[in-house]
Number of protein chains: 2
Amino acid sequence: MALSREHIVDAAMTILRSYGLASLSMRNLAKNLGVQPGALYWHVKSKQDLLVLLADRILATTPAWTDQVGARSDRADARQAALDIRTALTSVKDGAEVVSVAQALNPRQLAPLQRLRDTLPSNLTLRQAEWGARALTHYILGAVAEEQTHAELILAGVAASEESTAYTTEAFIFGVDAFLRGLGAAASAPCTVIDLATEDQRAVPRKQLHADS
Amino acid sequence: MALSREHIVDAAMTILRSYGLASLSMRNLAKNLGVQPGALYWHVKSKQDLLVLLADRILATTPAWTDQVGARSDRADARQAALDIRTALTSVKDGAEVVSVAQALNPRQLAPLQRLRDTLPSNLTLRQAEWGARALTHYILGAVAEEQTHAELILAGVAASEESTAYTTEAFIFGVDAFLRGLGAAASAPCTVIDLATEDQRAVPRKQLHADS
DNA sequence: ACCTGAACACCGTTCAAGT
DNA sequence: ACCTGAACACCGTTCAAGT
């Protein structure tokens with residue numbers, strides 16, 4: 001059967017579901033497809049490219065947001081959007097990590113991020129809604145990634161399972177709700193930057209590429 | 001000069017500051033120390049172990065929280081704690097990513113996480129304060145990681161620099177403040193779990209380790 | 001157009017053997 | 001106790017050459 005981009009992504013998803021991100025090497029993927037590693041590079045630019053495709057497919061399972069005359073709705077919609085994203089991420093092993101890496105490499109707006117922005121409280125300016133959606137995305141990815149690696153550590157017998165999944169879900173929702181409440185009150189309490197002696201020791205000198213000896 | 005654990009961490013920090021996480025391989029580190037790669041494993045258990053040490057050192061530069069008779073204080077303290085953590089992370093290239101990875105591998109409580117918990121609004125239960133501190137940590141690590149990779153993409157000429165650092169800082173603070181506001185109102189609006197048809201397609205089958213053919 | 005074979009320049013980790 | 005030398009089992013990517 002002829003190799004194709006879609007076929008490659010399918011096989012990669014299978015590896016991801018069964019064994020996780022650590023097992024997803026280009027060489028192992030090629031072996032699973034019965035092909036030489038170099039063959040993959042005809043259909044896919046790089047591994048980073050592949051990870052972006054995988055991230056899109058993982059998030060594609062989230063229910064489409066029915067755009068009601070472009071109006072931003074109440075808090076419950078945003079909460080549901082966050083839960084839908086979490087469901088999509090947890091359906092694949094290391095799903096949150098894959099999406100995190102893909103988003104870091106390709107910082108374009110992820111589809112559910114747009115949905116999040118559109119469901120945020122309507123008292124925010126567009127810029128604030130974008131900041132809020134990004135912030136919530138960071139929380140979701142971080143929280144779910146922690147859940148998943150924790151779960152894998154337990155399966156590996158390294159950590160003890162002290163918490164039920166209901167408990168984990170409650171913690172997740174607690175964070176989402178807290179954040180959404182805060183965003184709802186954002187307009188009344190504007191963000192004034194106070195003392196920032198903390199600024200700009202960030203510009204670290206960049207020398208050459210790669211240190212040798 | 002005799003090799004030591006501290007010496008290794010020093011050299012690793014130097015590589016990190018100058019060239020970032022991608023250049024921090026055990027082999028490159030050994031070369032910089034004028035030693036064979038295997039020698040490192042006498043002083044350090046693994047690369048993961050080393051990353052945890054690095055994460056601790058990166059965060060060690062945050063000002064110590066002067067514990068005032070154990071009382072949780074107001075929102076300004078938590079906001080300052082978040083800013084201090086951001087400053088520490090941005091002082092090292094890929095600092096946020098290093099701490100993220102280390103925290104994923106070794107999910108023990110990071111020092112500043114404790115400080116965050118102690119500075120959260122006092123209306124929360126201890127469990128809620130822990131959830132809140134975790135959530136805020138996820139936001140901080142995600143946001144700063146995005147800042148840093150974005151900055152590196154700009155230095156590499158891949159992306160355009162459309163935003164000033166003040167703008168970035170404002171966005172960061174916006175997220176922190178929103179979250180803290182939401183936590184402040186957490187007790188009055190308890191987190192009730194509504195419909196969760198989303199639960200538990202998370203248990204993905206685990207077969208053997210490593211797929212072959 | 002699509003894939004193989006083979007190479008290039010790397011990884012983390014282990015471990016007998018040396019000192 | 002501490003380190004070398006050398007190996008093991010991998011990586012991502014490229015590219016002439018084949019079909």
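In what follows, every chain begins at residue 1, and chains take the letters A, B, ... in the order their sequences are listed.
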J.: Looking only at side-chain atoms of B:Gln36, point me to the closest of D:dT4, D:dG12, C:dT13.
T.: D:dT4
J.: Rounded to the Å, how far apart are A:Tyr41 OH and D:dC11 P?
T.: 11 Å
J.: Under 3.5 Å, is there a donor-acceptor pair linking the side chains of B:Asp84 and B:Gln80?
T.: yes
J.: Rounded off to whole Å, could you give me the CG-to-P distance for the A:Leu21 and D:dG12 pair?
T.: 10 Å
J.: Watson-Crick or G-U wobble partner for D:dA16, using a 3.5 Å limit on both distances?
T.: C:dT4
J.: As a test of reading the structure: which of D:dT4, C:dT4, C:dG12 is closest to the side chain of A:Ala39, going by heavy atoms?
T.: C:dT4
J.: Would you measure the distance from the C1' atom in C:dC11 across to the matching atom in D:dC8 and give it in whole Å?
T.: 12 Å
J.: Among the nucleotides C:dC11, C:dC3, C:dT13, which one has an atom lying closest to any side-chain atom of B:Ser25?
T.: C:dC11
J.: Any idea which heavy atoms bring B:Ala104 and A:Thr149 closest together, and the distance?
T.: O-OG1, 4.4 Å
J.: When you check the gap from the basic side-chain N to the acidic O, do B:Lys93 and B:Glu152 get nearer than 4.0 Å?
T.: no
J.: Determine, using ring centers only, whether A:Tyr167 and A:Phe172 are less than 6.0 Å apart.
T.: no
J.: Expressed in angstrom and rounded to an integer, what is the separation of A:Met26 atom CE from D:dT14 atom C1'?
T.: 12 Å
J.: In this structure, how many angstroms lie between the P atom of C:dC3 and the CG atom of A:Leu33, rounded?
T.: 10 Å
J.: What distance, rounded to whole Å, do you find between the two C1' atoms, one in C:dC2 and one in D:dA17?
T.: 13 Å
J.: In whole angstrom, give the distance that lies between atom CG of A:Leu3 and atom P of D:dT19.
T.: 19 Å
J.: Out of C:dG12, C:dC3, D:dT4, which nucleotide sits closest to the side chain of B:Arg27?
T.: C:dG12
J.: Quick one: B:Lys31 NZ to C:dC10 P, roughly how many Å, whole number?
T.: 7 Å
J.: Ignoring backbone atoms, establish whether B:His43 has a side-chain N or O less than 4.0 Å from OP1 or OP2 of D:dA1.
T.: no
J.: To the nearest Å, give me how far apart CG (B:Leu40) and P (C:dC15) are.
T.: 17 Å
J.: Do you know the tightest heavy-atom contact between A:Thr61 and A:Ile58?
T.: OG1-O, 3.2 Å
J.: From the list C:dT4, C:dT13, D:dG12, which nucleotide is the closest neighbour of the side chain of A:Val35?
T.: C:dT4
J.: Give a yes/no answer on whether the side chain of B:Trp42 brings an N or O atom under 4.0 Å of OP1 or OP2 in D:dC3.
T.: no
J.: Nearest whole angstrom, please: distance from the C1' of D:dT13 to the CG of A:Asp49.
T.: 14 Å
J.: Given that both distances must come in under 3.5 Å, which nucleotide forms a Watson-Crick or G-U wobble pair with C:dC11?
T.: none
